[in-house]
Amino acid sequence: MLKFFENVKNKARKNVTRLALSAGVVGGALTCTGVNAFAASTSGSTNASITESMVQAFTSIKDDILSAIAKVAPIALPVLGAGLLVVVGIKIFKKVTSKA
């Protein structure tokens with residue numbers, strides 16, 4: 001029995017990225033469904049389909065993510081550019097000083 005758990009643990013370690021991605025997708029879908037299942041209907045009908053609920057949920061998530069990217073990008077890009085500039089500068093400096 002202990003050997004079985006060791007095999008499961010080893011397989012989980014090898015596929016940790018796949019497991020995390022699938023758990024995130026399933027968890028996100030379940031969260032969106034749960035959140036919108038109790039949301040007020042904007043069309044006046046009380047029988048909104050699950051498909052419409054999922055579309056609304058993912059559209060909302062998409063809008064939130066894009067707005068977050070739009071707010072973070074002007075700050076993150078110069079920081080990443082400065083870091084890249086430092087790395088490239090160090091490499092060039094090492095090449096120049098080693099040939100001197």
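Residues V87 and V79 fall into different hydrophobic clusters, defined by Ile, Leu, Val, Met, Phe, Trp and Tyr side chains chained together at heavy-atom separations under 4.5 Å.
For I65, the side-chain contact (heavy atoms from CB on, under 4.5 Å) partners two or more places apart in sequence, or in a different chain, are I61, I69.
Rounding to the nearest 0.5 Å places CG of L85 at 8.5 Å from CD1 of I92.
P78 and A73 make their closest contact through CD-O, 4.1 Å (heavy atoms, listed as atom of the first residue, atom of the second, distance).
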